[in-house]
Every structure is written in structure tokens, then in C-alpha cells.
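A short write-up of the structure that comes next.
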Number of protein chains: 2
Amino acid sequence: MKPTLQDVANAVGVSRSTVSNAYCRPDQLSAALRERILDAARQLDYPGPNPTARSLRRGFVGAIGVLFTSQLSYAFTDPFAVRFLAGLSGAAERHGSALLLVPLPDDPARARAAVENAAVDGFCVYCVGNEEWALDAIRRRALPYVTTAAPEEAHPAHRYVGIDERAAARTVAEHVAALGHRRVALLGDTMLPDAPPGPLRLAAPADVPHPTTRGRLAGFADAFAALGVDWSDLTVLNATGNSRAAGAAAVAATLTGDDPPTAVLACSDVLALGVLDTLAEAGPRLARPVSVTGFDDIAEAAAAGLTTVRQPAEEKGRIAAELLLAPPADPAAGHVLLDTALVVRTSTRPA
Amino acid sequence: MKPTLQDVANAVGVSRSTVSNAYCRPDQLSAALRERILDAARQLDYPGPNPTARSLRRGFVGAIGVLFTSQLSYAFTDPFAVRFLAGLSGAAERHGSALLLVPLPDDPARARAAVENAAVDGFCVYCVGNEEWALDAIRRRALPYVTTAAPEEAHPAHRYVGIDERAAARTVAEHVAALGHRRVALLGDTMLPDAPPGPLRLAAPADVPHPTTRGRLAGFADAFAALGVDWSDLTVLNATGNSRAAGAAAVAATLTGDDPPTAVLACSDVLALGVLDTLAEAGPRLARPVSVTGFDDIAEAAAAGLTTVRQPAEEKGRIAAELLLAPPADPAAGHVLLDTALVVRTSTRPA
DNA sequence: GATCCAGACTGAATCGATTCAGAAGGGGGC
DNA sequence: GCCCCCTTCTGAATCGATTCAGTCTGGATC
């Protein structure tokens, strides 16, 4: 069997407490005895106090959980998410915390279980759609948590770091509108559950379950509404996933069909890059160029000349970690909105 | 205080054991009683068994640790590492395990402590250079572990999944040599501790501490040695970090100087892309084109037309997870070497 | 020489569950 | 009516540490 603290204590002939102190409170015993204890531990191949037992007794774990609603591997596939995680992990590291990436199954019951079984001191919930399940489970565990979007309904313990999605989206839409575009398509990921790729009948932005997408669509709509372009005049295109391929697939039929829109406003850079892929491929067959915008300003956006909205990804992650690990005394400070900036590149041109 | 299992037991008037059974062994009690218990738990806001306590008693945690020798955020910055992690996390998810990303400080003592304090069932050690510290700490804890490179010295418990670095590197070097290149530079990351960026005096590949880089350099050298080009005839360039910028900086002086090499063989795609950046920038000032090769075949490599060696990143991650979570009975099966393929694109041309 | 004190170490309670041998109760078979 | 078995539930041991209120020892103080 693996040796325990007790075994070390027996070997040296001291009490368990003393061995424990040798590890985590050196001032509580003489240096000489401490040396003897550590020597004996080495002799016995004792690897130091068991982390689980320590966590149980101490009441904290030294890890924060990161929850993703979609497949865990999505976390690593989306460039914006990757940068967010980089910021989060850097800050966590500084606070001596590790990151527990928690797979969140689709099935609500199992998702709940995943939250309930995670040994962590708090949760960072990235990109939650309507996952009240998870939030509810977290609250019940009375753990601190932070989300990357403002909550549906305010909750005392709810901290978040986000951007004003709607206002940010409006700026890019206004830019497109100012270029004279009026026949415009809006592209988003999974705007209704199980919706197929391509044109989607959507009564209003408010019908979209995913809060981020909803906010961005609403912002797009605001800009055009201000110019008298009604929501019903806008084309809504659905992508089945936040990937380049899904973006490309979503717009293919519409862009190569009759009377295509003159601009496509995407809810993410990844989708927008997919649109550019489709345009590049369809190239000669197109009647006229189509303007495209993204959202996030990931690295690839610059290379592709994509007009987009920049949001500070790493900083978002860093602040999320800090909100969790060094919570502000003032509860109002638990709600952080970051600045965004419109980045105009070559993918948008006058209509 | 947060309610415990005991509180639920008291509320219902049954024993602690029965409540425990209600959660994890439903067949051990009548359905009716179980319902009553779960109801009471809901009533009391009991969030279910405490994961830490459960882990302590059960003796396993449901998480595997991922160790990175460099900054944790590097994990998210290097595209190859990201794909590896995606594969790893997917497989872990399938086995019901979470991933604990463990920040590994530079200081050996603290690095050791990080390993000792991580509550995990096993470790995946990515990209370990000479971090015997960490491996030793893991072995002492008697936890299973898997590395992404063959170990220095065989150890019974050591499992790994890797590629034949040396042979793979040789194929790309042979390709370059076949194109007639003889004046060649080899580019790697941190080939000697604290080495400055740029040309490096290196007696032999064997002097490089990082095993992956060492293997690749040796493979490059093999190909040229077979043609009579001695190690001392090759230029060695050091990058201070595995990033595009570091790659660009490492080669800048050499490529724009007198008598530049006709080809640069990099130990990673990221570095190679940096070389391409430098070439693009220096463009007109160059006497003649320089061939460039990378290693890994990340997504950006295809877009950049980079000749490189492809290795199956996701599969590597997947196998690593499986080696940990479903260890093969036959210990020999704990050593997996994956196939690689030379991918020739436009970045290599005849000398 | 009695008193006090600081330093070094110990004992026992505690963290929150799981597990397993066994007790109680009820029903079926003969 | 007796025996046995099965289901349902309980009690107590256990996982491996941390913590805190003491105890003990030896030396300084007056």
C-alpha cells in the first residue's frame, strides 16, 4: 500500500499532527525534527499529503472549473475561446489555481451531474445558452461563478464579464449601412434548436435562445431599423455550428442564388471566414462583390482582411478568473463590461 | 452551513448509508424511499454528495492532469498543442474524466509541488524537456502517466505515444537535400538554456536538452550526413520560444546577411511560418529565394504553402488518454509510435 | 525556590462521504 | 407452522489528512 502520513509518523516516532506540520507549518516544530521527518518520508517513498484528503479537510480545492455547453473539444477549436482560456489560465496560474475543464453532456441530467461532481472552488461558465440547469446546480453548491454574458435575470451571486453585445453589433451594422447596403443577410450559429443550415424564418431576434447571438442580432437589427429597414426585410441565415465550414455551408445557396444580399453580417469571425471561403470559391459566378463582417477579431481575421468587432479576449479571461479568485468587495464590481472597437478592413466595400 | 448527507438522513429519518445509496446505488433501496430522500435533499438545497469527500473515500478522482513544462497558456497558443488537447479531451470525455490543466512553475521545487498537489488519477505530460522532477514526483505518487515522447531511460510504468522524431525529420531533410540544397540552416526553439536568438554554436544535436527538438535535429543531420554534408557545415539557429515572432527574429540577421543559407529547416510549423514572415518582409532585398520547411502540419501550414511533416495531432491526444484511462494489459502496448507523412507544398524549391 | 512563559509536540475531533457485514422484516415453499 | 431467503435498511469502520486546544519541558525572572 501507499504510505500515509501516519506511516511516516510511526517511522519517526512522532504524532501524525507533527508530520502534517512538517509539511505545511514548518514554524510549528524544530528544524531538526522537520528534517528527520522529511528524510523518513523520502525513505518511505511518501509523496506528500494526499491532495484529496487535504482538500476535504481544508475545504478548498485549488482549481476552478470551466464549463462549456458544447463539446469540450470545442474549447480548443474556436480561436476566440482559445484566447479567452489563455487569459483565464494565466490569471488562474498567478493565483495558484489549476483549471478543471468539465465536459458538459447534452443531456440535462448528466450535465447537472457533471457540475455536481466537479471538485472545484468555483466555475467559469463560457458561452451558456439556455443552460439554466448548470447554473442552478452551481448555485445549489453555493460556489462562486462567473459567466461571459449578462444573466437573463439578475441573481445576487452572479458575476459576469462581457461586452455590450447589442451596442457592439450595432456599430458594425452601422458601418455596413453607411456603405449603402440595404439588402443584407445576418448569419448566426444555431439560432433555433435543430434548425437546418441556410435561410431561417425568425420572427424576431428575441426568439434566439443563445444570449450572445440574440444580442448581436438585435444590434444588427437596431442599426437597420434606424434607417427604416425593417427586420422582415433582412435575411436570416442559420449555421449549424460555429465553424468555418458551417458558415460556408449556411450561405452557399443564398449567395449563388438569384438576387443575393449585398452584405453578410456574421455573428462570429469563424462564420465570416466561412462566408469568404464560399465567395472565393464561387468567385466568377457572382454578379457583384459581397461585403462581409465578422465578430471577435481573431488572428485569422486580420490576415483575411475581415471587417469585424474587436473584443479583448485574453483580458476577458483574465478578468473572469479574477472575479472568481479575488472577488471584489463591492458586489456591483462583479459586473464588468469591456470596451469593443470596430475594425474596418477590406471585406466591406460600398454597395 | 451547507447541508451534508447526514442532514438529509436526519430530515428523512434514515441512516446516512441509505442516503448515500439513494445517490449511487439505487438498487439498494426501495424506489419509494429513494424518492422521499431525493425530495428531502431538494428541500434542503443539498447539492448531492461532496465530490472531494467522495473522491477520498472511493480512491479515485475522475480527472486526469495535463502537465505543460512551459507556461500553461502556451497550451492554448500553439496550434499543434491545441489539436493534441482536443483529441485528449474528447477521449477523456468519453471515459467520463475531466481534464485538470496544471500550471508547472519554472522553479523545480514549486513544479514538484504542483504535481504533488494535483488531485488527479493520472498525468499526461506534454512536451517535457528535462523535467525529471515532474516525472519523479508522479512516480512517487504511483500514478499512471503518459508522455508524448519516448523516455530517456525506460521505466516500467512509463507509457508514451509519439512519433519517430528522428526518422520523420530525416524525410523532410532528404526532400530538401534532393532539391539540391547543401547550405542549410536548422531552426529550433530554446536549443540551449538561455541561448540568445540567432546563430548558435552547437557541438552536436545530442547537446540539446529538449528531447523532441534533439530528435528532429538529429534526423535533419542524418539526411545531410548521408550525402557527405557534415554537422559542422550546417548552420544552427536558435529561437527563444515556439512562436511565429520568435522564429522570425531568429532568422532575420542570417537571411539578410551575407551568404545566407538556401534553405531553412524548422523544428515546428510555427517557427517556419515566422521564417516565411521574415522572408516576405525582406522580400526584395534577398539575393535568391529560400526554401523553408516546418514540422507538425498545423492548419496555417496549408494556407501558407509550407512543406512540412504531418503528424496526427488529435489521434495522439486520443491515444494518450486511452493509454491512461484504459491501459492495455500488455505493457508493450503502452508504447505507441504513430506514422508521419511528408507533405510537400510550395515553400520548397530546387536550390 | 516558586512562578511564568515560550517553544515543541500530542490527542482527539473533524472534513463528508462510501462500503460492507449484518439485523430486521416480510413472503414463499413445503 | 417452520425454515429459509430476499429485500431493505443500519452501524461502524474507513479514506488521509488538518486543526486547535492542550500538555510537557526547560530555562528565564524575581
Side-chain angles (χ1 to χ4, degrees), chain A residues 1-38 40-41 44-62 113 116-121 140-143, chain B residues 1-38 40-41 44-62 113 116-121 140-143:
Chain A
M1 255 335 276
K2 273 195 273 190
T4 70
L5 198 111
Q6 179 74 72
D7 298 323
V8 178
N10 293 344
V12 183
V14 296
S15 79
R16 184 154 75 241
S17 325
T18 304
V19 179
S20 175
N21 284 333
Y23 280 97
C24 45
R25 306 170 76 167
D27 58 313
Q28 294 293 300
L29 71 174
S30 66
L33 178 56
R34 184 172 128 95
E35 246 349 286
R36 269 177 55 216
I37 290 176
L38 296 183
L44 291 172
D45 258 4
Y46 175 68
N50 177 313
T52 306
R54 163 177 288 180
S55 297
L56 175 59
R57 185 59 240 239
R58 297 230 249 226
F60 88 105
V61 177
E116 284 165 349
N117 292 329
V120 296
D121 301 316
R140 176 155 300 199
R141 284 187 62 183
L143 289 176
Chain B
M1 254 336 277
K2 273 193 277 189
T4 70
L5 197 118
Q6 179 74 73
D7 298 324
V8 178
N10 293 343
V12 183
V14 296
S15 80
R16 185 153 76 240
S17 324
T18 304
V19 179
S20 175
N21 284 332
Y23 280 98
C24 45
R25 306 168 76 168
D27 58 313
Q28 294 293 300
L29 72 174
S30 65
L33 177 56
R34 184 172 127 96
E35 245 349 286
R36 270 177 56 217
I37 290 177
L38 297 183
L44 291 174
D45 257 3
Y46 175 68
N50 177 312
T52 305
R54 162 177 289 183
S55 298
L56 175 59
R57 183 61 239 238
R58 288 199 174 160
F60 88 104
V61 177
E116 284 165 350
N117 293 328
V120 296
D121 301 317
R140 177 155 301 200
R141 285 187 62 184
L143 289 177

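Residue numbering restarts at 1 for every chain, and letters A, B, ... go by the order of the sequence lines.
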- Query: Can Ser20(B) and Ser17(B) be said to form a side-chain hydrogen bond (donor to acceptor under 3.5 Å, both in side chains), step by step?
  - Reply: CA-CA 5 Å; Ser20(B) 175; Ser17(B) 324; over 6 Å; no

- Message: Using five pairs at each end of the helix from dG1(C)-dC30(D) to dC30(C)-dG1(D) to define an axis, what is the angle between those two axes, to 10°?
- Response: 40°

- Note on the structure: Scanning both residues in full, the closest heavy-atom pair of Arg140(A) with Asp45(B) reads NH2-OD1, 3.4 Å

Let me check something: any side-chain donor-acceptor pairs from residues 53-62 of chain A under 3.5 Å, sequence neighbours excluded? List them with distances.
residue: Arg54(A); atom: NH1; partner: Asn117(B); partner atom: OD1; Å: 3.2
residue: Ser55(A); atom: OG; partner: Pro51(A); partner atom: O; Å: 2.9

- Message: Using whole Å, what does the distance between atom C1' of nucleotide dA17(C) and atom CZ of Phe60(B) come to?
- Response: 14 Å

- Message: Restricting to non-hydrogen atoms, name the atom on Ala41(A) and the atom on Tyr23(A) that form the minimum distance, rounded to 0.1 Å.
- Response: CB-OH, 3.2 Å

- How close do Ala22(A) and Ile37(A) get, heavy atom to heavy atom, and via which atoms? CB-CG2, 3.9 Å

- Item | Nucleotide dG11(D), atom P - distance to CG of Leu29(B) in whole Å | 16 Å

- Item | Partners meeting side chain to side chain donor-acceptor pair (under 3.5 Å) with Gln6(A) (sequence neighbours left out) | Asn10(A), Arg16(A)

- Message: Applying a 4.0 Å non-hydrogen cut-off, can you work out what Gln6(B) is touching in the nucleic acid: base, sugar-phosphate, or nothing?
- Response: nothing

- Query: Between Asp121(B) and Leu143(B), does a side-chain contact (heavy atoms from CB on, under 4.5 Å) hold up when you go through it step by step?
  - Reply: CA-CA 7 Å; Asp121(B) 301 317; Leu143(B) 289 177; 5.6 Å; no

- Message: If you compare all heavy atoms of Ala40(A) against all heavy atoms of Val8(A), which two are closest, and at what distance to 0.1 Å?
- Response: CB-CG1, 4.5 Å

- Under 3.5 Å donor-acceptor pair, Arg58(A) side-chain atoms to dT18(D) base atoms: no

- Task: Starting at CD of Glu116(B), measure out to CZ of Arg141(B) and round the result to the nearest 0.5 Å.
- Result: 8.0 Å

- Query: What distance separates Lys2(B) NZ from Tyr46(B) OH, expressed to the nearest 0.5 Å?
  - Reply: 11.0 Å

- Can you tell me how far C1' of dT8(D) sits from CZ of Arg25(B), to the nearest Å? 13 Å

- OG1 (Thr18(B)) and CZ (Arg34(B)) are apart, to the nearest 0.5 Å, by 13.0 Å

- Which of the following nucleotides, dT18(C), dG16(D), dT19(D), is nearest to the side chain of Arg54(B)? dT18(C)

- Interatomic distance, Tyr23(B) OH vs dG16(C) P [rounded to whole Å]: 15 Å

- Tell me which residues in residues 7-21 of chain A put a heavy atom below 4.0 Å from DNA chain D, sorted by number, or none. Arg16(A), Ser17(A), Ser20(A)

- Numerically ordered, the residues 44-52 of chain A set in heavy-atom contact under 4.0 Å with DNA chain D is Tyr46(A), Gly48(A), Pro49(A), Asn50(A)

- Task: Using atom NZ of Lys2(B) as one end and atom P of dG16(C) as the other, report the distance to the nearest whole Å.
- Result: 8 Å

Sub-3.5 Å pairs of nitrogen or oxygen atoms, protein against nucleotides 26-28 of chain C:
none

- Item | Interatomic spacing from OG1 in Thr4(A) to CG in Asp7(A) - rounded to 0.5 Å | 4.0 Å

- Message: Without decimals, in angstroms, what is the distance between Leu56(A) CG and dT14(D) P?
- Response: 17 Å

- Message: Taking any heavy-atom pair under 4.0 Å as a contact, classify Leu5(A): base, sugar-phosphate, or nothing.
- Response: base

- Assign each of Arg57(A) and Leu33(B) to its nearest nucleotide of DNA chain D by heavy atoms, then name whichever residue's nucleotide is nearer the 5' end. Leu33(B)

- Task: State which of dC9(C), dT19(C), dA17(D) makes the closest approach to the side chain of Ser30(A).
- Result: dC9(C)

- Query: Over how many whole Å does the gap from Gln28(B) atom CD to dA21(C) atom P extend?
  - Reply: 12 Å

- Whole Å only: how far is the CG atom of Asp27(B) from the C1' atom of dC9(D)? 13 Å

